Enquirer: 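This is the structure I have questions about; it appears just below.
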Amino acid sequence: MISKKDFKKISPWLWEIPKDFRADMRVPARVYLSEKMLEEAFRDRSIEQLINVATLPGIQRYALAMPDMHEGYSSPIGGVAAIDTKEGIISPGMQGYDINCGVRILTSEWKENDLKAYLEKLANEIHKEVPSGLGRGRQLKFSIPELDKILEGGVPYLAKQGFGEKEDIESCEAGGKLPWADASAVSTHAKNRGRDQVGTLGSGNHFLEIQKVAEIFNEKVAKVFGLFKDQIVIMVHCGSRGLGHQVCSDYLREFIPLMINKYKIKVPDREFACVPFNSPEGKRALAASGAAANYAWANRQMITHFVRKAWKNVLGDRGGKLSLLYDVAHNIIKIEKYNIEGKEKEVAVHRKGATRAFPPGHPEIPQKYREVGQPVIIPGSMGTASYVLVGTKEAEEAFYSTSHGAGRTMSRHAAVRSLSGREVVQDLRRRGIIVKCYSFRGIAEEAPLAYKNIDQVIEVVHNAKLSKKVAKLLPLAVIKGE
Amino acid sequence: MKKFEILEHKADLKIKVFGKTKRELFENAMIGMLKAGKYQKNPKSQISKLKTKIKSLDLPSLLVDFLSEILYLVETKKLVFEKVEFEKFSDKEIEAILIGKELKRMGVHIKGVTYHELNIHQKRNGEWEATILFDI
């Protein structure tokens, strides 16, 4: 059993399990947690799962876990592995099934007091306009050639078709389009699943919220991001839906026999199924992962289009613009360069439930934000606070990665047992939050008490300098798919 | 005999499935997955039948691949399956007819059938058991 004594304290926010803890570890494992959160982490198997990540061929520096870490499958959620593209592997399971599950924020020109009278109507209209994609609401169906263009063209393609603006493109991580995407690496099965799910929210922890800026921590950066106190903003959280899930399943299925028989790679869990990054099969997996990531960005873009429509339906021309502040990915494989042991190395950063957070001056962030750093969006659980932060140069030691949410502490099953959806909705309403959903069960599963306290997670993120606080957002209306 | 039970897991969906035979285990895994995921049928709809063929590396992979294929068919053919008639069944290959009704709605969108700590085994009394984790 792993216990606190196996950890070396690097700082009050960073703990390390040395490489010699288990014979198959290739690098140490590091967790960004407060002492109290570390003690709580032993309640599930997330640390053991992180040690498994440390065994992956080609992993550089450390296997990392962010402050919202919790038990997953293969890697813990909140896991980051930077893998040498020359010597290492690519692992679809280390990215997860919901490829490019992520979050974006749209900023409005409105203040809370002015919008109050329209809030209920807006929430209803958004609920009506944005389909869940689980059997209710609007259906859009694309042909396979159109879908291929989305897979390779991402947000820029949709914007060109009239579903977005030029500024939406530059305000997405990677410009909403990964260049290594290749639609021919995506199976027909995956494409069939994706044809009618562009612009759908999905289920589980995916949601859309109308929020207000409750507190500003850094006036200068907030101004650059276009944020001000009491401002109304809209947050969208969803991923690549059935298409991304199928891509991950397809490559896991293909890689298990390849890993065992052809490449003779040993991993502690089949879910890590991998092949050499530079092998023909590895290159195809990257191309497919990129295509699924583009699909997810396109999905959030289409939802943005529907939200803008709902906004206009309710507020008319007075509504003004809904501008995209930024869009970040949570589950993704990205090619980045780092100085490792004095040499520049190209690595495939596998982030599973972690957000990229580039520092000021980084060439991959939009010109308008370059001086201050990349906007980082960390959503809380449904009905609790969310945060906007900014990337730091200190996060280089974490391959410029940060948290992606609050992190669960209670199973969905336990949450449903201990609270009814009706009670959760009533509690949210008492706090003045409007809730629009199809099922009370879905609400109970996502009850705030099932998650870590977001404020504590953000304190660790901020103190460990993984990113710095800019603004705190509070929900006014929650809209859920199912 | 109980077909399946839901086990505790912090973030995802874990089920334990039972069967007197391997075939029954596979059928109950399908039923357990769709029931636990709250996939609802339109009870008044017509019965539909679909044929499926799957080849895999070994028995654990066959179970995952079978369930992944079910998820694909549920989503694209809009059907909820309730019964399986196996025409061929070995540790590496299945040919089967899936029988079900029209999908009304999904409660949870199951994202993936994972291989994580997948356990499928025969007990001393000859019955079969499997534990499966789904990403939701």
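Note: hydrogens, waters and symmetry copies are ignored here, and every other heavy atom, side chains too, is used. This is a predicted model, so every value here is computed, not measured. Per chain, numbering begins at 1; letters A, B, ... match sequence-line order.
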Enquirer: Given heavy-atom pairs under 4.5 angstrom as the criterion, report whether the side chain, backbone, both or neither of A/Ile77 touches chain B.
Expert: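 For A/Ile77, neither part sits under 4.5 Å from chain B.
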
Enquirer: Tell me, for B/Ile136 versus chain A, whether the close heavy atoms (under 4.5 Å) come from the side chain, the backbone, both or neither.
Expert: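 For B/Ile136, the contact with chain A is made by backbone and side chain together.
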
Enquirer: Look at the aromatic rings of B/Phe26 and B/Phe66 and report parallel, tilted or perpendicular, splitting at 30° and 60°.
Expert: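 Tilted, since the angle between the ring planes falls between 30° and 60°.
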
Enquirer: At under 4.5 Å between heavy atoms, what parts of residues 72-81 of chain B are in contact with chain A? List them by residue number.
Expert: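 The list, in residue order, reads B/Tyr72, B/Glu75, B/Thr76, B/Lys78.
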
Enquirer: Tell me which of these, B/Leu133, B/Ile110, B/Leu57, has more heavy-atom pairs under 4.5 Å with chain A than the rest.
Expert: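 Ranked by contacts with chain A, first place is B/Leu57.
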
Enquirer: Counting only heavy atoms closer than 4.5 Å, note whether A/His189 contacts chain B via side chain, backbone, both or neither.
Expert: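 For A/His189, heavy atoms of backbone and side chain both lie under 4.5 Å from chain B.
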
Enquirer: Stepwise, does the salt bridge (Lys or Arg N to Asp or Glu O under 4.0 Å) test hold for B/Asp91 with B/Lys22?
Expert: CA-CA 9 Å; B/Asp91 281 3; B/Lys22 265 190 271 186; 2.6 Å; yes

Enquirer: Does any backbone or side-chain atom of A/Asn192 lie under 4.5 Å from a heavy atom of chain B? Answer side chain, backbone, both or neither.
Expert: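 Contact with chain B is through both the backbone and side chain of A/Asn192.
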
Enquirer: May I have the list of side-chain donor-acceptor pairs in residues 245-252 of chain A shorter than 3.5 Å, sequence neighbours left out?
Expert:
{"unit_1": "A/His245", "atom_1": "ND1", "unit_2": "A/Arg241", "atom_2": "O", "d": "3.4"}
{"unit_1": "A/His245", "atom_1": "NE2", "unit_2": "A/Arg241", "atom_2": "O", "d": "3.0"}
{"unit_1": "A/Gln246", "atom_1": "OE1", "unit_2": "A/Arg193", "atom_2": "NH1", "d": "2.7"}
{"unit_1": "A/Gln246", "atom_1": "NE2", "unit_2": "A/Asp250", "atom_2": "OD1", "d": "3.0"}
{"unit_1": "A/Ser249", "atom_1": "OG", "unit_2": "A/His245", "atom_2": "O", "d": "3.1"}
{"unit_1": "A/Asp250", "atom_1": "OD2", "unit_2": "A/Ser187", "atom_2": "OG", "d": "2.6"}
{"unit_1": "A/Tyr251", "atom_1": "OH", "unit_2": "A/Ala185", "atom_2": "O", "d": "2.6"}

Enquirer: Non-hydrogen atoms of chain A under 4.5 Å away: do they reach the side chain of B/Leu13, the backbone, both or neither?
Expert: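 Contact with chain A is absent: no heavy atom of B/Leu13 under 4.5 Å.
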
Enquirer: Does any N or O in the side chain of B/Arg105 come within less than 3.5 Å of the main-chain N or O of B/Gln40, such that one atom is a donor and the other an acceptor?
Expert: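 It does not hold such a pair.
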
Enquirer: Taking the six-membered ring for Trp and the full ring for Phe, Tyr or His, determine whether the centres of B/Phe134 and A/Tyr97 are under 6.0 Å apart.
Expert: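 Between A/Tyr97 and B/Phe134, which both carry aromatic rings, the centre distance is not below 6.0 Å.
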
Enquirer: When rounded to the nearest 0.5 angstrom, what distance separates NZ in A/Lys480 from SG in A/Cys437?
Expert: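 Taking NZ in A/Lys480 and SG in A/Cys437, the distance rounds to 8.0 Å.
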
Enquirer: So what's closer than 4.5 Å to chain A heavy atoms on B/Val64: side chain, backbone, both or neither?
Expert: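 Nothing of B/Val64, per the 4.5 Å heavy-atom cut-off to chain A.
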
Enquirer: Can you tell me which residue pairs pass the salt bridge (Lys or Arg N to Asp or Glu O under 4.0 Å) test with a partner in residues 113-129 of chain B, sequence neighbours excluded?
Expert: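 Matches after skipping sequence neighbours: A/Arg45-B/Glu117, B/Lys16-B/Glu129, B/Lys123-B/Glu129.
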
Enquirer: Are A/Lys352 and A/Tyr73 in a cation-pi contact, defined as NZ or CZ under 6.0 Å from the six-membered ring centre and within 45° of the axis?
Expert: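 Here A/Lys352 passes the 6.0 Å and 45° test against A/Tyr73.
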
Enquirer: Test: salt bridge (Lys or Arg N to Asp or Glu O under 4.0 Å). Region: residues 30-45 of chain B. Which pairs qualify, not counting sequence neighbours?
Expert: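 Counting only pairs at least two positions apart or across chains, the salt bridge (Lys or Arg N to Asp or Glu O under 4.0 Å) contacts touching residues 30-45 of chain B are B/Lys41-B/Glu82.
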
